[in-house]
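Residue numbers start from 1 in every chain, and the chains themselves are labelled A, B, ... in the order their sequence lines are given, proteins ahead of strands. The shown structure was predicted, so the numbers you read here are calculated from the model rather than taken from an experiment.
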Protein chains: 2
Amino acid sequence: MATSDPARPGFQLPLLLLAGFRTLIDDLHAELARQGHPELRPLHGFVLQAVGVHGTTATELGQRLGISKQAAGKTVDRLVAVGYLERVYDPSDARRRLVRVTEHGADGLRRSAETFDRLREQWAEALGEERVAALEDDLRTMASANWFRLDVPGWFGG
Amino acid sequence: MATSDPARPGFQLPLLLLAGFRTLIDDLHAELARQGHPELRPLHGFVLQAVGVHGTTATELGQRLGISKQAAGKTVDRLVAVGYLERVYDPSDARRRLVRVTEHGADGLRRSAETFDRLREQWAEALGEERVAALEDDLRTMASANWFRLDVPGWFGG
DNA sequence: GTAAGATGGTCAACGTGGTTGACGAAATAG
DNA sequence: CTATTTCGTCAACCACGTTGACCATCTTAC
């Protein structure tokens with residue numbers, strides 16, 4: 001069945017994009033594990049980023065990530081358990097539980113940023129800065145703004 | 001905390017690669033849903049592809065995908081339940097259960113290939129064929145060959 | 001030819017990341 | 001003061017992965 005041969009032109013593009021992404025993420029987490037963050041998983045970076053400097057609530061976090069407030073709450077539970085997030089009471093609203101990044105979480109975020117910068121430099125050394133920049137430009141043109149939604153069944157659970 | 005600002009250079013590259021991938025996959029599955037395959041999930045395409053024309057066993061499928069034979073077996077169960085795969089007995093070895101792509105599965109695979117080809121053409125129309133080809137070349141240079149492993153905890157469960 | 005080992009499939013228990021529905025407590029609107 | 005909305009959580013469930021244990025079968029060695 002040549003019609004679904006992986007060598008077919010159309011197949012290459014998504015596979016290569018995934019491969020590039022996975023390579024960066026795997027390299028990042030190998031480095032983070034070395035730097036004292038072996039617990040940090042790929043998803044956690046998104047969540048920490050979405051919580052942000054000012055903190056949020058589980059409901060708002062869910063909205064930012066495009067998942068339900070219940071899923072956001074459970075994810076926060078796990079990140080709290082490994083020390084990356086903390087929950088505090090909101091004195092101005094007894095229903096709300098503010099979610100904040102801990103110092104340990106901020107450290108992970110800082111090291112992630114530094115490592116990503118270094119990885120991008122490696123790509124620029126191998127391909128040339130112009131080609132990396134062109135690659136980013138082209139992807140900015142083609143990539144939808146909905147990429148950050150995690151709610152596709154079959155990707156991250158259903 | 002400017003150190004983890006999403007606008008930082010290093011952050012853009014992985015995000016854009018993911019966005020590009022997600023865009024292609026989301027477009028593909030929107031089209032597949034229109035063409036009679038609303039059940040087909042992103043993961044399923046990998047699995048059908050890994051089963052291949054000649055069929056396999058769950059154990060071998062697990063090795064190809066980099067997951068345990070038990071996980072492969074459960075995934076096959078689900079694909080059998082929605083009609084994309086079938087299990088047959090191997091007359092030459094009573095332990096083995098051959099896994100084969102059904103006609104419905106082959107149809108999904110064919111339509112996936114056609115849709116991916118069409119999406120690549122759309123990228124070539126928007127960016128120019130040379131830039132898409134350059135993008136692919138660059139990713140081939142940088143992307144690790146281990147992309148297809150699904151066993152990273154925190155990506156696909158784990 | 002039989003005993004020993006390797007292999008294939010499945011069951012069970014569990015972990016992570018999602019879903020929906022229900023519900024109490026607290027804030028807000030009328 | 002009552003009605004409604006909002007926040008968080010509980011419970012049940014699904015998809016996708018893990019390890020460990022186990023039986024049945026095929027293969028190998030003696």
Roughly how many Å is it from [atom1] in [X] to [atom2] in [N], rounded to a whole number?
X     : N      : atom1 : atom2 : value
B:D93 : C:dA6  : CG    : P     : 17 Å
B:L79 : D:dA15 : CG    : P     : 11 Å
A:H44 : C:dG15 : NE2   : C1'   : 12 Å
A:Y89 : C:dA27 : OH    : C1'   : 18 Å
A:L61 : D:dT9  : CG    : P     : 13 Å
B:D90 : D:dA24 : CG    : C1'   : 15 Å
B:R64 : C:dG8  : CZ    : P     : 13 Å
B:Q63 : C:dG9  : CD    : C1'   : 14 Å

Inset, instruction - Flag the pair B:E103 and B:R110 as a salt bridge only when some basic side-chain nitrogen lies within less than 4.0 angstrom of an acidic carboxylate oxygen. - result: yes

Legend entry - A:E129 bridged to A:R120 by N-O distance under 4.0 Å: yes

Closest approach to the side chain of [X], judged atom by atom: which nucleotide of [options] is it?
X     : options                : answer
A:Q70 : D:dA11, D:dG17, D:dC16 : D:dA11
A:R96 : D:dG17, C:dT20, D:dG8  : D:dG8
B:K74 : D:dT9, C:dG18, D:dT18  : D:dT18
B:A94 : C:dG18, C:dG8, D:dT25  : D:dT25
B:R95 : D:dT6, C:dT19, D:dA24  : D:dA24

Below 4.0 angstrom from OP1 or OP2 of [N], is there any side-chain N or O of [X]?
X     : N      : answer
B:S68 : D:dG17 : no
B:R97 : C:dG8  : no
B:R78 : D:dC16 : yes
A:T75 : C:dT16 : no
A:R87 : D:dC7  : no
B:T59 : C:dG9  : yes

Inset, instruction - Taking the side chain as every heavy atom from C-beta outward, state whether A:L17 and B:L135 have any pair of such atoms under 4.5 Å apart. - result: yes

Legend entry - 5′-ward residue of the pair A:K69/B:L98 relative to DNA chain C: B:L98

Inset, instruction - Say whether, by atom type as modelled, one donor and one acceptor occur between the side chain of B:T56 and the main chain of B:G52 under 3.5 angstrom. - result: no

Legend entry - Remaining members of hydrophobic cluster (4.5 Å side-chain criterion), A:L98: A:V88

Legend entry - Touch class at under 4.0 angstrom, heavy-atom based, for A:A58 against every strand present: sugar-phosphate

Legend entry - A:H104-A:H37 aromatic ring centre distance below 6.0 Å: yes

